[in-house]
A.B. asks: 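Dumping the structure here so I can ask a few things about it.
Please read these numbers as outputs of a predicted model, since none were measured by experiment. Below, chain A is the first sequence line, B the second, and so on; all start at residue 1.
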Number of protein chains: 2
Amino acid sequence: MGTAGRRDETSTGTDVAPRVRRRPTQADVARQAGVSVSIVSAVINDRQYGNIRVSDATRQRVRKAVQELGYAPNLAARGLAGGTNRLIGVFTFQRIFPLAKEDFFYEFLVGVEEAAEEEGYNLLLLTAAKDKAGQRSLYPEGTNGMQLADGGVLAGWDESADEIRRLAAEAYPFVFIGRREIPGVELSYVAADYRSATRELTDRILRSGRTVAFVRGSSAPELVPGRQQGFREALGASPTNQRDDATFATLPPEPSLLDYAQLVTWASEHSVDCLLVENSRHAVGVDEVARSRPSGARLQVLSLGGAPEEEAAARLGGLVIPRREMGREAVRLLVRLITEPGAGPQRTTLPVEVHVPA
Amino acid sequence: MGTAGRRDETSTGTDVAPRVRRRPTQADVARQAGVSVSIVSAVINDRQYGNIRVSDATRQRVRKAVQELGYAPNLAARGLAGGTNRLIGVFTFQRIFPLAKEDFFYEFLVGVEEAAEEEGYNLLLLTAAKDKAGQRSLYPEGTNGMQLADGGVLAGWDESADEIRRLAAEAYPFVFIGRREIPGVELSYVAADYRSATRELTDRILRSGRTVAFVRGSSAPELVPGRQQGFREALGASPTNQRDDATFATLPPEPSLLDYAQLVTWASEHSVDCLLVENSRHAVGVDEVARSRPSGARLQVLSLGGAPEEEAAARLGGLVIPRREMGREAVRLLVRLITEPGAGPQRTTLPVEVHVPA
DNA sequence: CTGTTAGCGCGTTCAT
DNA sequence: ATGAACGCGCTAACAG
């Protein structure tokens with residue numbers, strides 16, 4: 001039996017050239033062990049199809065053959081037969097690895113990777129997905145790039161809701177990181193409760209008898225409403241309502257030191273004690289400027305968009321966004337979407353920690 | 001002709017239940033376009049098998065059908081059939097997104113993503129690849145996890161050369177980031193010339209009449225020899241050879257502030273003017289300690305492992321490792337390996353910049 | 001307890 | 001210019 005199927009190549013008699021050694025297949029193992037492929041498959045996957053029952057002796061022989069041949073299953077074939085490829089697509093409307101490390105996606109990806117590892121999925125980064133204009137697109141050349149994976153995690157700011165609508169219409173499983181509301185579509189997403197957290201933070205400040213202003217800055221649009229709403233709610237609930245002109249300030253998209261300086265001056269002129277800055281990077285910048293001034297020493301700067309791992313923002317305090325956990329949760333939701341096709345849209349809202357340094 | 005092949009499911013008459021919407025296949029596209037699958041395949045891959053020649057009109061119809069159906073090729077099927085997926089696998093022996101952002105892989109990945117985008121490849125991050133011990137492995141459960149990708153970029157420190165040998169034996173195209181030498185295998189890699197750079201840096205310091213010590217710290221093993229060699233070369237070439245006991249120091253894997261402090265003290269006791277620290281993070285720590293002491297003010301700390309984007313390390317000066325460019329080059333080499341199967345091992349050594357602040 | 005066989009979706013050769 | 005048919009390696013239903 002060990003002598004069955006001796007030839008190690010499909011030598012047709014001619015052309016026995018030094019061909020590249022083909023990887024052994026289940027058929028090779030079956031031949032070597034003197035059994036059929038279904039037995040091999042059953043042993044390897046430790047499964048019992050229908051009424052298949054493999055004797056221990058056979059099992060041993062198959063295992064032995066596997067060892068001798070150095071057989072390893074072909075993932076592609078397995079995926080083909082199973083209809084799934086254990087791949088999670090990751091699409092960001094902006095570059096995934098931006099040069100500024102402290103940028104938005106990084107912490108999400110940490111969580112996505114962790115969860116994917118736990119769930120046994122590989123990650124497919126859609127980096128090649130660009131339309132003719134060179135913009136990142138879910139439908140480069142009109143075709144769905146995400147279809148390559150079993151499902152997708154999306155992040156970033158998209159200008160056109162159309163692509164997302166189309167994705168949803170195709171019943172393709174995907175989960176957004178960050179709240180997304182698109183009329184007429186039941187989206188799955190993992191959100192963070194910025195509203196409550198901002199409200200609580202503002203409340204605390206007001207209760208301590210100080211005045212506070214909200215500094216708008218460039219940050220992902222879907223985050224903005226929640227935070228401003230929470231801020232307004234706190235103001236409305238406050239017995240000591242603040243003057244309007246000292247309530248909001250806005251930073252340009254790419255603020256310079258001068259912009260920060262002007263903001264600090266503005267705060268001082270309006271007797272603002274505390275600044276709630278949307279963007280954590282800007283918060284750090286504003287704080288540095290403030291502390292460089294004798295007059296600005298009493299101005300407290302809080303970040304509304306810090307990630308738990310951002311050291312500088314953590315020092316300042318403010319909102320600590322659970323980015324990593326959001327990434328993890330997005331993968332979990334997606335896996336549910338993939339494995340339970342019947343399930344409706346999945347949504348999770350994670351709490352946002354309020355952290356004020358002592 | 002548009003009316004050919006009308007039925008949109010293989011409706012056998014019975015059982016037309018609300019089946020889960022299957023992903024469209026080439027056959028679906030073919031039916032929709034009123035052509036055969038081979039035509040679809042030819043159009044999609046923009047190829048001309050044997051004597052196949054597709055008319056422009058047909059080509060258009062196929063493209064249209066693809067769009068309408070949202071067709072995307074099945075990666076597994078393609079891989080099985082011997083096709084290519086325009087996918088680059090990325091495998092790191094350690095976690096890709098470590099919590100410490102300043103860690104090793106990040107800057108590499110920035111480059112990898114950039115180049116992949118330029119070359120029109122997507123990235124497959126092998127996150128699921130763990131063996132039973134939970135360790136990352138190229139052959140989890142004995143299978144090559146990279147099979148779906150056309151080739152792979154590897155990074156990180158591997159304990160077992162066996163897996164790499166096996167990968168090479170399979171004639172699977174892959175490129176290492178960082179120099180790798182494994183006996184009996186012709187590896188492709190992109191390296192950085194640490195040796196020359198360290199030598200030049202050391203030379204400069206010695207020429208200015210100062211004494212210098214080399215501080216070993218935890219860093220990727222493959223980088224170590226080059227730098228120490230360069231250092232030794234400079235010492236050997238120097239007319240004013242240094243005392244041996246003041247030449248090398250070693251930091252523990254996870255140094256504490258105390259370790260940094262002891263190092264600074266050591267330097268002071270041995271009249272060392274300048275410290276060459278292997279690990280940029282440690283360099284920053286040591287420098288902070290040194291500057292906090294009045295006596296340590298004259299001690300210069302240089303980093304031997306900084307990335308161009310690391311602000312703190314850049315301030316110190318030392319070696320600037322072109323991590324991003326290494327990532328880019330790795331992808332370029334890999335693409336060559338993929339598209340020109342005949343080509344031998346690809347190797348590039350990138351220059352390392354020496355940067356000493358004024 | 002085990003063997004045979006039909007797909008999975010796609011690339012490619014050959015016949016038309 | 002186009003369609004039919006085969007095989008890639010594997011899973012799983014089915015027939016012994």
A.B. asks: What is the separation between atom CZ on Arg86(B) and atom P on dC10(C), rounded to the nearest whole Å?
C.D. replies: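 Going from CZ in Arg86(B) over to P in dC10(C) covers 18 Å.
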A.B. asks: Who passes side chain to side chain donor-acceptor pair (under 3.5 Å) against Glu329(A), sequence neighbours left out?
C.D. replies: Arg332(A), Thr348(A)
A.B. asks: Scan nucleotides 4-7 of chain C against the protein and return all N/O pairs shorter than 3.5 Å with their distances rounded to 0.1 Å.
C.D. replies:
residue	atom	partner	partner atom	Å
dT4(C)	O4	Ser38(A)	OG	3.2

A.B. asks: Side-chain N or O of Arg47(B) less than 4.0 angstrom from OP1 or OP2 on dT12(C)?
C.D. replies: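 For dT12(C), OP1/OP2 do have a side-chain N/O of Arg47(B) under 4.0 Å.
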A.B. asks: Given atom CG of Asp28(A) and atom P of dG9(D), what is their separation to the nearest angstrom?
C.D. replies: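 Interatomic distance, CG of Asp28(A) to P of dG9(D): 8 Å.
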A.B. asks: Rounded to the nearest angstrom, tell me the gap between atom CG in Asn74(A) and atom P in dC10(C).
C.D. replies: 16 Å
A.B. asks: Considering residues at least two apart in sequence or located in another chain, which fulfil the side chain to side chain donor-acceptor pair (under 3.5 Å) criterion with Gln346(A)?
C.D. replies: Arg336(A)
A.B. asks: Measure from the side-chain heavy atoms of Ala77(A) and tell me the nearest of dT2(D), dG9(C), dG9(D).
C.D. replies: dG9(D)
A.B. asks: How close or far is atom C1' of dG9(C) from atom OH of Tyr71(B), stated in whole angstroms?
C.D. replies: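 Rounded to the whole Å, the gap is 7 Å.
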A.B. asks: Are any of Thr58(B)'s side-chain N or O atoms less than 4.0 Å away from OP1 or OP2 of dT2(D)?
C.D. replies: yes
A.B. asks: Take atom CZ of Arg59(A) and atom P of dC1(C), then tell me their distance rounded to the nearest Å.
C.D. replies: 10 Å
A.B. asks: Separation of Leu75(B) atom CG from dC8(C) atom P, in whole Å?
C.D. replies: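 To the nearest whole Å, that distance equals 18 Å.
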A.B. asks: Rounded to the Å, how far apart are Arg78(A) CZ and dG9(C) C1'?
C.D. replies: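 Taking atom C1' of dG9(C) as the reference, CZ of Arg78(A) is at 18 Å.
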A.B. asks: Taking only residues at least two apart or on different chains, which pairs with a member in residues 67-85 of chain B satisfy salt bridge (Lys or Arg N to Asp or Glu O under 4.0 Å)?
C.D. replies: Lys64(B)-Glu68(B)
A.B. asks: Check whether any side-chain N or O of Thr25(B) sits under 4.0 Å from OP1 or OP2 of dC8(C), and answer yes or no.
C.D. replies: no
A.B. asks: Please list, chain by chain and in numerical order, all residues satisfying salt bridge (charged side-chain N to carboxylate O under 4.0 Å, His left out) with Arg328(B), sequence neighbours excluded.
C.D. replies: Glu114(B), Glu118(B), Glu325(B)
A.B. asks: Working to the nearest 0.5 angstrom, can you tell me the gap between Thr92(A) OG1 and Phe108(A) CZ?
C.D. replies: 11.5 Å
A.B. asks: Restricting to side chain to side chain donor-acceptor pair (under 3.5 Å), what partner residues turn up for Asp150(A), sequence neighbours left out?
C.D. replies: Thr84(A)
A.B. asks: Among residues at least two apart in sequence or on other chains, which ones pass salt bridge (charged side-chain N to carboxylate O under 4.0 Å, His left out) with Glu117(B)?
C.D. replies: Arg95(A), Lys130(A), Arg136(A)
A.B. asks: Protein-nucleotides 14-16 of chain C N/O pairs closer than 3.5 Å?
C.D. replies:
residue	atom	partner	partner atom	Å
dA15(C)	N6	Asn51(B)	OD1	3.3

A.B. asks: Looking at residues at least two apart in the chain, or sitting in another chain, which of them share a side chain to side chain contact (heavy atoms under 4.5 Å, CB included) with Ala149(A)?
C.D. replies: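 Applying side chain to side chain contact (heavy atoms under 4.5 Å, CB included) to Ala149(A) gives Leu87(A), Leu124(A), Tyr172(A).
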A.B. asks: Bend angle of the helix from dC1(C)-dG16(D) to dT16(C)-dA1(D) from five-pair axes at both ends, rounded to 10°?
C.D. replies: 50°
A.B. asks: Holding to side chain to side chain donor-acceptor pair (under 3.5 Å), I want the full list of residues that pass it with Gln67(A), two or more places apart in sequence or in another chain.
C.D. replies: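 Residues passing side chain to side chain donor-acceptor pair (under 3.5 Å) with Gln67(A): none at all.
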A.B. asks: Decide yes or no for Leu154(A) and Leu167(A): does some side-chain heavy atom of the first lie under 4.5 Å from some side-chain heavy atom of the second?
C.D. replies: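 Yes, their side chains come closer than 4.5 Å.
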A.B. asks: Within the structure shown, what part of the strands sits under 4.0 Å from Ser41(B) by heavy-atom distance: base, sugar-phosphate, or nothing?
C.D. replies: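 The residue Ser41(B) makes base contact.
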A.B. asks: Listed by chain and number, what are the salt bridge (charged side-chain N to carboxylate O under 4.0 Å, His left out) partners of Glu340(A), not counting sequence neighbours?
C.D. replies: none
A.B. asks: Scan Gln26(B) against the nucleic acid and name what it touches under 4.0 Å (heavy atoms): base, sugar-phosphate only, or nothing.
C.D. replies: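 If one applies the 4.0 Å heavy-atom cut-off, Gln26(B) turns out to touch the sugar-phosphate alone, with no base involved.
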A.B. asks: Separation of Ile44(A) atom CD1 from dT11(D) atom C1', in whole Å?
C.D. replies: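 Taking CD1 of Ile44(A) and C1' of dT11(D), I get 11 Å after rounding.
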A.B. asks: Under 4.0 Å: is that the gap between some side-chain N or O of Asn45(A) and OP1 or OP2 of dT11(D)?
C.D. replies: yes
A.B. asks: When you look at Glu181(B) and Tyr189(B), which way does the side chain to side chain donor-acceptor pair (under 3.5 Å) test go after all the steps?
C.D. replies: CA-CA 9 Å; Glu181(B) 301 291 356; Tyr189(B) 57 75; 3.0 Å; yes
